Amino acid sequence: MLRERQIMRIHYITGLAALFVVAVHILMRLIMPFHMSLQYSNVIANYHNLPYVVLLESILVLLAIHGFNGLRIILLELRQNRTWENGVTISTIAAMIAIIAFGTRTIIIANGLGVV
Amino acid sequence: MRTSNRRGLFKTAEEDRNNREGLKGWLNPARYGWERVSYWLQRLTGLFLLIYFIGHIYETSSLTGGAGAWNAMLQFTETPWGHLFLILVIGTSTYHSTNGIRLIFTEAGRGLGRPGRPDYPYDALSLNYRQKSGIWIALILAAVAMFYGGNVLFGGD
Amino acid sequence: MSGIIKKISMLRTGSKHERSEKSLRGRSSIVLRVYRANKAVGDSAHYDTFDVPIQRWTTVLDALLYAKSYKDTSIGIRYSCRMASCGSCGMKINGIPRLACYTNVSEMESGVISCEPLTNFPLIRDLVTDFHQFFSHHKSVRPYIINQNADLRDRKELSEFIQSPRDVDEYLQSSYCIKCGLCYSACPTVATDTKFPGPQALAQAYRYSADTRDTGSREDMKAIDDKHGIWRCHFAGSCSSVCPKGVDPALGIQLLRGHMMSFSKHNKKIAELKHHSHGNQIT
Ligand code: HEM
Ligand code: SF4
Ligand code: FES
């Protein structure tokens, strides 16, 4: 089991790393007029660009870990008994995995789609 | 000591919760100074961003349905209300990440000063203006980012 | 929103006691609003109000004792030293945890002063609360010096530790804690988390681990490196803003966290023992 201090280190590191990748992700919306950047063809083109795909996947993983660990912290502080604590740990990890799986599915499928 | 008779998921700990302030006290951040406000906002913005993050993953999953589904989703999000929501996301994420950096330093004991020999009236060293100004900077940056985002989103094409 | 901002900045401008030494504004009496409840006899919570004459030097404790002496002898209060040393008279005064004996009525903005029992402590009666959990959290961090060499029972010679003033400064202010519980009452994590040791206990964990006489490591303790341990502090600073003794629990907690994360260096030198021979002692 991870010690709580290691989890906290992970929380800080994922937060900091997310700051950088999210900044790049948002800049992508600004290198061309915002509305154009959201056109289907432009978005699908993004998903064919391997560095960008890596960027998206890392945002997904980093924020899922950081965000759901944050939620776990908040919920643990609310109530203290074995059932609740185990429930919180299991469900936040499950949610973390689910969101990563779902997001990855989008990335893989969009990557396989042809540009119209 | 009295013990609670609630069972299962909502059972309280062995210790008595009697007279704990609970969430009710948590909701009012204005009693103890800026650090308490910073903590309160960090939590609310963190939760808000988590909800946005989940929504955003759902929103982009419409890509897998082809151009039609994607455009239908855009029709829903690319509206004045959708843009207002995005501006809120810009503000909260700017605040959360800037104050997050401040917290990474302070929670590691940086910028709080060295312990010493306090004198009357014993004002706390850790609540100094050096680290407190980080909260103000985060708030100002959030306002600036929201203003800029508003210009991009509402400022014509 | 602007109201909130005004309230916050009012709280933190100027030091705690300069804040409103603005005199009594010509007042010669105040109204005390005292929380009353004796649940043991089925008495439900209510407030009693008392008109109390005041002087420039009247503290909230003085005012309460006046009410107890001349108006209603059944008011339940706990106090002893009347000089911010014993830590018994903590209560919520106008919504904020303070020591009644250390709060002058002139510091309060209004002519009505409300006294309520400390939140986060189980209520016993009126203004008196139960410190049981609080003390057991305190004990859980082993708040004493751990050092095998310090056991003098089977040593004939007297020995003492050598500490420089700088070594002392590392922990001195944390050792001023009087266990009044104000910080514990103000803490937003303690408000919902019964297993969180709270600012007082964690500040004592810092106090002993920063002491060069101490060889025991508290950093691996269950109470500290746990999911309800030191990491549940989010630096909301409320503890330090109410502490009447300048302990600044938030400072100690963050310093200890830094050491535990190895973000800051913590190569504490253990103090040496100075040996005295019998000859020296006699002269
Ligand atoms: C991008 C830069 C970010 C940084 C530097 C950052 C940093 C932090 C820090 C330092 C904390 C405080 C932990 C504590 O007080 O103990 C925190 C809490 C949290 N963050 Fe982030 N964060 C970032 C982005 C995000 C995002 C995008 C989300 C949403 C998915 C998020 C969700 C949360 C949540 C839910 C919490 C828990 C709040 C709490 O414990 O009070 N964070 N973050
Ligand atoms: S740290 Fe300060 S507020 Fe907390 S119990 Fe000790 S003296 Fe009281
Ligand atoms: S009576 Fe001793 S601290 Fe107030």
Side-chain angles (χ1 to χ4, degrees), chain A residues 8-9 11-13 15-16 18-20 22-23 26 29-30 33-36 38-41 43-44 46-47 56 59-60 63-64 66-68 70-71 73-74 77-88 95 98-100 102-116, chain B residues 4 6-15 17 22-23 26 42-43 46-47 49-54 56-71 73-74 77-78 83 86 89-90 93 96-98 100-101 103-105 107-108 145 148-149 151-157:
Chain A
M8 209 60 211
R9 241 184 236 136
H11 194 75
Y12 291 152
I13 292 167
L16 276 181
L19 184 58
F20 288 101
V22 170
I26 293 170
R29 302 285 139 260
L30 299 174
F34 180 71
H35 300 279
M36 246 166 84
L38 287 182
Q39 271 167 21
Y40 184 71
S41 51
V43 175
I44 290 294
N46 280 164
Y47 279 81
L56 284 181
I59 294 177
L60 182 64
L63 284 189
H66 181 90
F68 283 107
L71 183 65
I73 291 171
I74 293 173
E77 286 176 11
L78 283 185
R79 201 153 280 290
Q80 298 75 44
N81 67 60
R82 278 295 262 284
T83 331
W84 175 269
E85 286 170 5
N86 293 339
V88 164
I99 199 95
I100 292 175
F102 188 62
T104 308
R105 168 184 164 273
T106 305
I107 293 176
I108 291 173
I109 296 181
N111 181 260
L113 289 177
V115 184
V116 194
Chain B
S4 162
R6 283 186 285 187
R7 307 215 164 272
L9 204 56
F10 293 100
K11 198 182 77 195
T12 49
E14 314 82 66
E15 293 115 316
R17 294 186 83 92
L23 279 178
W26 187 90
Q42 187 74 6
R43 191 149 271 200
L47 280 178
L49 289 170
L50 182 59
I51 292 165
Y52 169 72
F53 174 65
I54 297 168
H56 189 59
I57 302 295
Y58 175 71
E59 177 195 356
T60 51
S61 75
S62 68
L63 271 176
T64 59
W70 175 254
N71 287 331
M73 185 56 92
L74 281 190
T77 54
E78 292 295 290
H83 283 172
L86 266 191
V89 172
I90 293 169
S93 57
H96 186 94
S97 33
T98 315
I101 292 170
L103 280 176
I104 291 173
F105 279 93
E107 291 184 345
Y148 176 75
N151 266 343
V152 171
L153 290 171
F154 286 114
D157 32 25

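Please read all numbers here as calculations on a predicted model, not as lab measurements. Chain A is the first sequence line, chain B the second, and so forth, proteins listed ahead of strands; every chain is numbered from 1.
Annotation: the span from B/L103 atom CG to A/H11 atom NE2 amounts to 9.5 Å, rounded to 0.5 Å. A distance of 10.0 Å separates NE2 in B/H56 from CG in A/L63, rounded to the nearest 0.5 Å. For the atom pair OG of B/S61 and CD1 of A/I109, the computed distance is 9.0 Å after rounding to the nearest 0.5 Å. Atom CG of residue B/N71 and atom CD of residue A/Q39 lie 8.5 Å apart, to the nearest 0.5 angstrom.
Using a 4.5 Å cut-off between heavy atoms, A/A18 makes no contact with chain B at all. The contact between A/Y47 and chain B is made entirely by side chain atoms (from C-beta outward), counting heavy-atom distances below 4.5 Å. Both the backbone and the side chain of A/L60 come within less than 4.5 Å of a heavy atom in chain B. Heavy atoms of B/I101 lying under 4.5 Å from chain A belong exclusively to its side chain. For B/I57, the parts sitting under 4.5 Å from any heavy atom of chain A are the backbone and the side chain alike. Of the atoms belonging to B/Y52, not a single heavy atom falls under 4.5 Å from chain A. Looking at A/E85, there are no atoms closer than 4.5 Å to chain B (heavy atoms on both sides), in backbone or side chain.
Judged purely by atom type and a 3.5 angstrom limit, B/W70 uses its side chain to pair as donor or acceptor with the backbone of A/L38.
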* Report the C-alpha distance between B/L23 and A/L78 in whole Å, list the side-chain angles of each, state the deciding distance to 0.1 Å, and finish with yes or no for side chain to side chain contact (heavy atoms under 4.5 Å, CB included). => CA-CA 8 Å; B/L23 279 178; A/L78 283 185; 4.0 Å; yes

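Among A/L16, A/L19, A/V22, the single residue meeting the side chain to side chain contact (heavy atoms under 4.5 Å, CB included) criterion with B/S97 is A/L19.
Between chain B and the options A/G70, A/A64, A/G103, the largest number of non-hydrogen pairs under 4.5 Å is found for A/A64. With chain B as the partner, the residue from A/I107, A/L71, A/V43 showing the most heavy-atom pairs under 4.5 Å is A/V43.
Nearest heavy-atom pair, A/R105 versus B/T64, reported as atom, atom and distance to 0.1 Å: NH2-OG1, 4.1 Å. Closest approach of A/G67 and B/L50 over heavy atoms only: O-CD2, 3.7 Å. In plain terms, the two heavy atoms of B/L63 and A/A110 that are nearest each other are CD1-CB, 4.3 Å.
Side-chain atoms of A/I99 and B/Y58, non-hydrogen and from C-beta on, never get closer than 4.5 Å to each other. The closest side-chain heavy-atom distance from B/I54 to A/F102 is not below 4.5 Å. A 4.5 Å side-chain heavy-atom check between A/I73 and B/R43 finds at least one atom pair inside the cut-off. Side-chain contact between B/F53 and A/H66 is absent, with no heavy atoms from C-beta onward closer than 4.5 Å. Proximity of A/F34 to B/E78: side-chain heavy atoms (C-beta onward) are separated by under 4.5 Å at one or more points. B/L74 has its side chain out of reach of A/Y40: every pair of non-hydrogen atoms, C-beta onward, lies at least 4.5 Å apart.
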